[in-house]
2 protein chains.
Amino acid sequence: MRIVEKTSCETCDHKCDIFLTSKEMGLEQELHPRQVVYKKYESICRQNTAVTHAIILCEGNAKMYIEGINGKNIILNILMPSNYIGLLAVFGTPNYSYNVSALTLCHTCHIDIETIKKLYYHNHNFLIQLNQAFGSSVSAIMKKLISLNQKQLRGKVAESLIYLSQLYGSNTFSLTITRKELGELSAISEENAVRVLTEFKNEGIIGLNGKVIELLDLEVLHKIYTIG
Amino acid sequence: MRIVEKTSCETCDHKCDIFLTSKEMGLEQELHPRQVVYKKYESICRQNTAVTHAIILCEGNAKMYIEGINGKNIILNILMPSNYIGLLAVFGTPNYSYNVSALTLCHTCHIDIETIKKLYYHNHNFLIQLNQAFGSSVSAIMKKLISLNQKQLRGKVAESLIYLSQLYGSNTFSLTITRKELGELSAISEENAVRVLTEFKNEGIIGLNGKVIELLDLEVLHKIYTIG
DNA sequence: TAACAACATTGATCTGCAACAACTTTTTAA
DNA sequence: TTAAAAAGTTGTTGCAGATCAATGTTGTTA
């Protein structure tokens, strides 16, 4: 993990709300962002540790997950550039309630939590914006609750595939995660993740070539996703 | 459902943050709270409908739940007086992502959502307070995700029993919910909820007398809860 | 490029739980 | 006060999905 001090948030200044807001307020000199680079597999933040910084993902992919019983995790979502890592933790709870770790090389921007608080004390819209993102995360988690509890294998995998295609913005995408992680994203075992993938392939619903997945029959996939 | 117009929020003015904040700001005349009474079983708010009011539960018990596939619901928590109904929905999402319905006769206090927004535009602490409550709800839901997915019958029921005893603040409490609802709270079938209760009773872990449950061996119960 | 580790795949087995059925008890309302 | 409905209880059965095991494939590093 290399830490590079920067006077401005170079890699994310075009997308990142925190930077834009601070600029608008003439506070950008006070942000003191630090650019931190994480290697693949490295942990960006850990469940039950203190939230000391707001972290913005500038480049790369990361997974947000919660630790389950005897090493079985559930991946909540995959983070893309410009996502807040720590959004769900900025408020209220002093500790992270989840883990984030790097799926690829990740460039992140760290800003001290006290600076953020200063920002949202002075700027209502910023706080309200954070709130809205917060709110939609909550409803996403509730949907996940139902899926994990009441859908079966095929429905869960269909859901993950649709999620991933929307995330990558294409019906053809290369998985940045392993089959084991696809299982964790669907909250099923690795073996069953593989099994369902091959089923879908044999039924002509998806194309499968190693890490590259192509959604061929979106209609059927949506049906499987909806019915469960 | 009877609606009674009030010039002040009579039943909740001692506990309710919204009322206290508005008082402090000299805004209490503008709150226009309406006291609304719901009978047992009545729906207080419905999933996927617009959030038009902040609702505070002043008297009675209610259940917050999400609708699953073919009528199988999951109860997220039991609401007690002074709880915000709609806390999780106030921000961002224009629609409720869950249902709330009355378990007993419920007195609630409705305040127009625009009034609330006015309040938190003028009062940072109020917004930050809401945020904190919001944040702890999120970590509660995450814990629930793991439990529902990875624990088995006994662990889930143990969790519900501990939750209820903490809610009622006593090791002996009378269930306001049915066995079917205890099942929904634990995300298991009604039959298995009953079965595990009798098991626990036979093992001397709990005392069971109709609706009255007494937690006898908290240590063992916690162990079952932790291990799953 | 050999050797090992990580990842992927497939079949076989076992277990936990939902679903069904049949019954008793309690609650509700006519 | 009584009939009907709702809630609670118990045993049985079948199936979904985790786990185990064996093997194939790809990737990494000395």
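Residue numbers start from 1 in every chain, and the chains themselves are labelled A, B, ... in the order their sequence lines are given, proteins ahead of strands.
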Do the side-chain N or O atoms of [X] get closer than 4.0 angstrom to the phosphate oxygens (OP1, OP2) of [N]?
| X | N | answer |
| --- | --- | --- |
| A/Thr198 | C/dT9 | no |
| B/Asn192 | C/dG16 | no |
| B/Lys211 | D/dG8 | yes |

- Query: Quick one: the side chain of A/Glu191 and the base of D/dC20, do they pair up donor-acceptor inside 3.5 Å?
  - Reply: yes

- Message: Ignoring hydrogens and geometry beyond distance, is the side chain of A/Arg195 in donor-acceptor contact with the base of D/dG17 at under 3.5 Å?
- Response: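 Not at all, since no donor on one side and acceptor on the other fall under 3.5 Å apart.
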
Just compare [options] and give me whichever is closest to any side-chain atom of [X].
| X | options | answer |
| --- | --- | --- |
| B/Glu190 | C/dA18, D/dT9, C/dA8 | D/dT9 |
| B/Gln152 | C/dC17, D/dG17, C/dA8 | C/dC17 |
| B/Val194 | D/dA18, D/dT10, C/dA8 | D/dT10 |
| A/Arg179 | C/dT10, C/dT9, D/dA18 | C/dT9 |
| B/Leu153 | C/dC17, D/dT9, D/dA18 | C/dC17 |

- Item | Upstream residue (5' side of DNA chain C) when B/Arg154 and B/Tyr41 are each assigned their closest nucleotide |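 Taking each residue's closest nucleotide, the earlier one in sequence belongs to B/Arg154.
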
- Task: Rounded off to whole Å, could you give me the NZ-to-C1' distance for the B/Lys180 and D/dT9 pair?
- Result: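 Going from NZ in B/Lys180 over to C1' in D/dT9 covers 16 Å.
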
- Query: What is the distance, rounded to the nearest whole Å, between atom CD1 of B/Ile69 and atom P of D/dA16?
  - Reply: 15 Å

- Task: Looking at every strand, decide which applies to A/Thr178 at a 4.0 Å heavy-atom threshold: base, sugar-phosphate, or nothing.
- Result: sugar-phosphate

- Note on the structure: With five pairs defining each end axis, the helix from C/dT1-D/dA30 to C/dA30-D/dT1 comes out bent, to 10°, by 50°

- Message: Test salt bridge (charged side-chain N to carboxylate O under 4.0 Å, His left out) on B/Arg179 and B/Glu184; report intermediate values, then the result.
- Response: CA-CA 9 Å; B/Arg179 308 292 155 127; B/Glu184 288 179 351; over 6 Å; no

- Query: In Å and rounded to the nearest 0.5 Å, what is the CG to CG distance from A/Leu161 to A/Asn171?
  - Reply: 11.0 Å

- Item | Check ion pair B/Lys180-B/Glu191 (N to O, under 4.0 angstrom) | no

- Scan side-chain atoms only and decide if B/Thr176 and B/Tyr168 contain a donor-acceptor pair under the 3.5 Å cut-off. yes

